[in-house]
Amino acid sequence: MLTPLTVAVAVAALLLAAWCAYAALRGQPVKDWHYLGMAVVLLLTLVQLAIGVVQLSGGQRPSGDTTVVFASYLVAVPLCLPVVAMVSLGERSRWGSATVAAGALVLAVLQLRLDDVWAGGVSVG
Amino acid sequence: MAEPATPDAAVPAGAPRTSGPRERGLRDGPGRLLVTLYGVFTVGAASRSLYQLSTRFEEAPLAYALSAVAALVYAFITVALVRGGEGARRIALGCCAAELAGVLAVGTWTLVDPSAFPDATVWSDYGRGYLFLPLVLPVTGLLWLRRSRRHER
């Protein structure tokens, strides 16, 4: 797995989470700039998905018998932001921003798990 | 989003909850965040337990069965919150209480007798592996559900 990209996605997701949490604290809905931020992070996760698929099809495997788990995490990652973006479109209040922040946080945690699983995985989850 | 043309007063009392966009249900406002988080946990717990039950049930039957139960509880709460209404609110209230009891019981159990759980569940160590969200969610859920009763009347 490409560790620099994993770190980059995690950091970008955390920044997005902080940004949206700030908007939520100030009682503001997500604005166009936030959606642009989501798009950037989403793009990074799609690149990650592509690289992951290439690596898997090239015969590289996570250490340990966890290919299925790894693949499902890989697919789950790019789904986070579109889902919360949809939710925030329907909830034009601070709670929409809080939801996007939560989704970005989940994304960051998934990056951690992705790295874990690739390295052999502590336990399945 | 545009403000609705009809004020709240135009909606007759006891009208279906789908009526006015202004009507705030269980899934609106803070509820939206709760629904999202419960949705995430439903998907997470369900896929985890499906994988574990189908590949290596014998290793830790208790832990994996518990993951499945947790997934069901999360799914029930998610659906109840989305549907809204008094009946759904009651069901969600019961499920949140069950969830809280489950987290506390399993959390204590894993600390007292770790050998019963060779592999972790969502509720092991009070959900430590999941940022303690399994413990925070039911409490938040119960508070939200209590508060919404006043709002919905």
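Quantities reported herein were computed from a predicted structural model and do not represent experimental measurements. Residue numbers start from 1 in every chain, and the chains themselves are labelled A, B, ... in the order their sequence lines are given, proteins ahead of strands.
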- prompt: What is the ring orientation for B:Y74 with B:F41, classed by angle as parallel under 30°, tilted 30 to 60°, or perpendicular over 60°?
  reply: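 Aromatic pair B:Y74/B:F41 classed tilted.
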
query: In Å, rounded to the nearest 0.5 Å, how long is the span from CD of B:E86 to CG of B:L93?
result: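 The distance works out to 9.0 Å.
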
- request: Any chance you could measure B:E58, atom CD, to B:Y64, atom OH, to the nearest 0.5 Å?
  value: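 Result: 9.5 Å between the selected atoms.
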
- prompt: Going through the distances and angles, do B:S124 and B:T121 end up as a side-chain contact (heavy atoms from CB on, under 4.5 Å)?
  reply: CA-CA 5 Å; B:S124 295; B:T121 73; 3.2 Å; yes

query: Going through the checks in order, is the side-chain contact (heavy atoms from CB on, under 4.5 Å) test met by B:W123 and B:W109?
result: CA-CA 10 Å; B:W123 290 345; B:W109 194 354; over 6 Å; no

query: Considering residues, nucleotides and ligands other than B:F76, do more than 12 of their heavy atoms fall under 6.0 Å from its CZ?
result: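 Result for CZ/B:F76: open.
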
field: Listed partners of A:R61 passing salt bridge (Lys or Arg N to Asp or Glu O under 4.0 Å), at least two apart
entry: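 For A:R61 there are no salt bridge (Lys or Arg N to Asp or Glu O under 4.0 Å) partners, ignoring immediate neighbours.
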
message: Counting only non-hydrogen atoms closer than 4.5 Å, can you tell me which residues of residues 29-42 of chain A sit against chain B?
response: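 Not one residue of residues 29-42 of chain A has a heavy atom under 4.5 Å from chain B.
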
query: When only heavy atoms count and the cut-off is under 4.5 Å, which of residues 99-111 of chain A reach chain B?
result: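 Listed by number: A:T99, A:A102, A:V106, A:V109.
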
query: So B:L100 and B:L135, side-chain contact (heavy atoms from CB on, under 4.5 Å) or not? Walk me through it.
result: CA-CA 7 Å; B:L100 185 58; B:L135 191 57; 4.2 Å; yes

Taking distance alone, no hydrogens or angles, what donor-acceptor pairs closer than 3.5 Å link side-chain atoms of residues 21-28 of chain A to residues at least two apart or in another chain?
residue: A:R26; atom: NH2; partner: A:Q28; partner atom: OE1; Å: 3.3

Segment of B:L131 engaging chain A (4.5 angstrom heavy-atom cut-off):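 Just the side chain, heavy atoms under 4.5 Å.
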
query: Are A:T6 and A:T3 close enough, and set up right, to give a side-chain hydrogen bond (donor to acceptor under 3.5 Å, both in side chains), and what steps lead you there?
result: CA-CA 5 Å; A:T6 312; A:T3 308; 5.5 Å; no

